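Note that the structure is a prediction, hence the values are computed from the model and not measured. Labels below follow one simple rule: chain letters A, B, ... track the order of the sequence lines, proteins then strands, and each chain is numbered from 1.
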Amino acid sequence: MPVSTAITLQDTLSGEIRRLAPLEPDQVRIYSCGPTVYGPVHVGNFRSFLFVDLLVRYLRYRGLRVKWVMNVTDVDDKIIRGAAAAGVPIEELTERWTNRFLEDAEALGMTRPDVLPRATEHIPQIVALIETLIERGHAYRTDEGSIFFRISSWPAYGKLARLDPANLRVGERVEADEYAKDDVRDFALWKGAKPGEPSWSTSIGEGRPGWHIECSAMSMAHLGPSFDIHTGGVDLIFPHHEDEIAQSEAATGQPFVQTWLHCAHLQMDGRKMAKSAGNIARVAELLERGVSARALRYALISVHYRMALAFSDESLAAAGSAIERLDTLLAALSAYRQDVVDEATPGGAIEAARRAFEEALDDDLNISAALAGVFDLVRELNRRIDARALSTADARAALDALLDLDRVLGVMTPPAPSEELPDDVAGLLERRAAARAARDWEASDRLRDELAKLGIAVEDTRDGQRWRRSPEAIRA
RNA sequence: GGCGACGUGGUGAAGUGGCUUAACACGGAGGUCUGCAAAACCUCUAUUCAGCGGUUCGAAUCCGCUCGUCGCCUCCA
């Protein structure tokens, strides 16, 4: 029997908000539609990946085991065109952009998925799935060797997207004569080989997989015919996920996915961020401009996943300031020394924050409310630091608690131990402390400027001088 | 044309029937502390939740209509 967790999520298919009850106890299986590696992934794409990252981190924080699979689409029309245009082999193009994707993901603190399957490495599974669909009468072959899924054979088609198949506005931009189909709404499972295109010689003929089939084949290969959560951007609801459900359930006769999670679009200048619209921002370019990766991450995760999120220079700057507030507190807690008896009260504040944080995230990943809980604690701790109403041990416990919550958020910077400082910085800090002891303000200020140039911000407090790495510039 | 989501302060945004004359963050104004600076803290910054009607003892929260914005129906995270 599935064991129900405290975590609730809204399923796109049913529209219901339900408790997560993993099919296998203590093992949540998640599949996410990942990038098509024909070019750089933009930050809108990353929003949909980071919302899953947040989910995965939270499930693990809650003690659940998670298997997270994210596909990499490495064969499709755009890749073929892109490679041809660049005059390079397809593998070279996809390798380059897969690596770039992984670098960007790492910079953003995205948890590495447990499996990153590639379509080209799953041709046998794709072929087997298509064979089953043909056997069961859900797919048919055309004269030029392509194979299509017959939508009329699947009555539930359209349920996820809440679309009536009869009302689909088909054919507007479909190259109707590219592949002959019985019904224009039928979608390709397998595309017959064409000159100049990559193809595989298989039992179902010479050709390459269609787009939707790879996700069915790879999710089932790595997670089984039924699994817990499938994610993507709202733009994938139709046709991609609709088609996945049809072909998967038609082939296995089993329910494909327990819970569908879809992330709303990132908006820039009031419209969906999309390459075709030309309003995109890329991770590497933002970082080159001096945007902090953590600020970018914060900006992308700090709004509920089902709400459209406005992305702008202002949102990045606000995110940067919020993160600086967190880092400043961590540094202050780390430097804090006060010889008083441990108080029970900070423990209460910490526990209250943790409760608020968990209750919020349990509620369909209400990240805004969870962050409010964190910042309530931040204010309380700052108050106590000002009032010297913490013991050294209390400060240590508060620091640990914040870093523990950050296992989910991934936006804080743990204060670096002094021994990790380069010698020149450590020397400057020592000289400045000495100058201050001697009340030599001129030397003290000069040393502060020098440290600033090395990226170290120094502040003077009752605990002596306190340093932290300078906040990365939000804009160059 | 069909389907859906959303509309809360200067900005982002939580709250979906009474605890809220509305959390939290960013920004702004004033103050405290400080050699200076920075940080932090304190006070202020929406009698109001797109508009209009209705239901209710009571609504930002439920219902209806209107207006507006965005998305999907086509490659797309």
Enquirer: Ring centres under 6.0 Å, that's the criterion: do A:Phe49 and A:Phe101 meet it?
Expert: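 Here the rings of A:Phe101 and A:Phe49 have centres that are less than 6.0 Å from each other.
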
Enquirer: In whole Å, I'd like the distance from the CZ atom of A:Arg185 to the C1' atom of B:rU74.
Expert: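 For the pair A:Arg185 CZ and B:rU74 C1', the rounded distance is 15 Å.
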
Enquirer: My understanding is that only one of A:Val115, A:Leu116, A:Ile30, A:Asp114 makes a side-chain contact (heavy atoms from CB on, under 4.5 Å) with A:Val69; could you say which?
Expert: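 The residue from A:Val115, A:Leu116, A:Ile30, A:Asp114 that satisfies side-chain contact (heavy atoms from CB on, under 4.5 Å) with A:Val69 turns out to be A:Val115.
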
Enquirer: Looking only at heavy atoms, what is the nearest atom pair of A:Asp364 and A:Leu9, with distance?
Expert: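 What the structure gives for the nearest pair is OD1-CA, 3.4 Å.
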
Enquirer: Whole angstroms only, please: what is the CG-C1' distance between A:Asp363 and B:rG15?
Expert: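 After rounding, the reported distance stands at 11 Å.
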
Enquirer: Could you give the CG-to-C1' distance, from A:Leu409 to B:rA25, as a whole number of Å?
Expert: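 Answer to the nearest Å: 13 Å.
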
Enquirer: Using nucleotides 5-13 of chain B, report all nitrogen or oxygen pairs with the protein that are shorter than 3.5 Å.
Expert:
residue : atom : partner  : partner atom : Å
B:rA13  : O2'  : A:Ser368 : OG           : 3.4

Enquirer: Between B:rA14 atom P and A:Leu365 atom CG, what is the distance in whole Å?
Expert: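 Atom-to-atom, A:Leu365 to B:rA14, this comes out as 13 Å.
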
Enquirer: Once you round it to whole Å, what is the distance between C1' of B:rU74 and CG of A:Leu163?
Expert: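 Distance check: A:Leu163 CG to B:rU74 C1' gives 12 Å.
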
Enquirer: Hey, what are the protein-to-nucleotides 60-63 of chain B N/O distances that come in under 3.5 Å?
Expert:
none

Enquirer: C1' atom, B:rU56 versus B:rC75: distance in rounded Å?
Expert: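 Roughly 50 Å separates the two C1' atoms.
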
Enquirer: Considering only side-chain heavy atoms of A:Lys78, which listed nucleotide, B:rC75, B:rA77, B:rA14, is closest?
Expert: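 Between B:rC75, B:rA77, B:rA14, the one nearest the side chain of A:Lys78 would be B:rC75.
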
Enquirer: A:Met273 CE to B:rC70 C1': how many Å, rounded?
Expert: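 These atoms are roughly 15 Å apart.
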
Enquirer: Tell me, which of residues 109-119 of chain A have any heavy atom that sits under 4.0 Å from an atom in RNA chain B?
Expert: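 By residue number: none to list.
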
Enquirer: Output the rounded distance in Å from CG (A:Asp376) to P (B:rA25).
Expert: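 Computing the A:Asp376:CG to B:rA25:P distance gives 7 Å.
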
Enquirer: Kindly say if A:Lys272 contacts the phosphate of B:rC72, meaning a side-chain N or O under 4.0 Å from OP1 or OP2.
Expert: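 So the side chain of A:Lys272 is within the cut-off, an N or O lying under 4.0 Å from OP1 or OP2 of B:rC72.
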
Enquirer: If only atom types and distance count, is the side chain of A:Arg297 paired as donor or acceptor with the main-chain N or O of A:Leu108 below 3.5 Å?
Expert: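 Here the side-chain-to-backbone pair exists.
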
Enquirer: With pairs defined as Watson-Crick or G-U wobble and both distances under 3.5 angstrom, please note down RNA chain B as a dot-bracket string, | for pairing with another strand.
Expert: ((((((((.[[[..)..(.....]]]((((((.......))))))....[[[[[..)....]]]]])))))))....

Enquirer: Under 3.5 Å, is there a donor-acceptor pair linking the side chains of A:Arg436 and A:Gln465?
Expert: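 Short answer, no.
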
Enquirer: I'd like to know if the side chain of A:Asp406 and the backbone of A:Val411 have a donor-acceptor N/O pair within less than 3.5 Å.
Expert: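 At least one qualifying donor-acceptor pair exists.
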
Enquirer: Sugar-phosphate means primed atoms, P, OP1 and OP2; the rest is base. With that split, encode nucleotides 35-41 of chain B 5' to 3' as B, S or - using protein heavy atoms under 4.0 Å.
Expert: BBBBSBS

Enquirer: Parallel under 30°, tilted from 30 to 60°, perpendicular over 60°: which one fits the rings of A:His262 and A:His241?
Expert: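 Aromatic pair A:His262/A:His241 classed tilted.
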
Enquirer: Pick out the pairs of N or O atoms, protein on one side and nucleotides 27-34 of chain B on the other, that lie under 3.5 Å.
Expert:
residue : atom : partner  : partner atom : Å
B:rG27  : OP1  : A:Ser321 : OG           : 3.3

Enquirer: Distance check needed: B:rA77 C1' versus A:Arg282 CZ, whole Å only.
Expert: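 Those two atoms, CZ and C1', are 15 Å apart.
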
Enquirer: Set out, in order, the CA-CA distance, both residues' side-chain angles and the distance that settles side chain to side chain donor-acceptor pair (under 3.5 Å) for A:Asn71 and A:Thr73, then state yes or no.
Expert: CA-CA 6 Å; A:Asn71 74 297; A:Thr73 298; 3.1 Å; yes

Enquirer: So, A:Arg208 side chain and A:Glu197 main chain: donor-acceptor pair closer than 3.5 Å or not?
Expert: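 Checking the backbone N and O of A:Glu197 against the side chain of A:Arg208, no donor-acceptor pair under 3.5 Å is found.
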
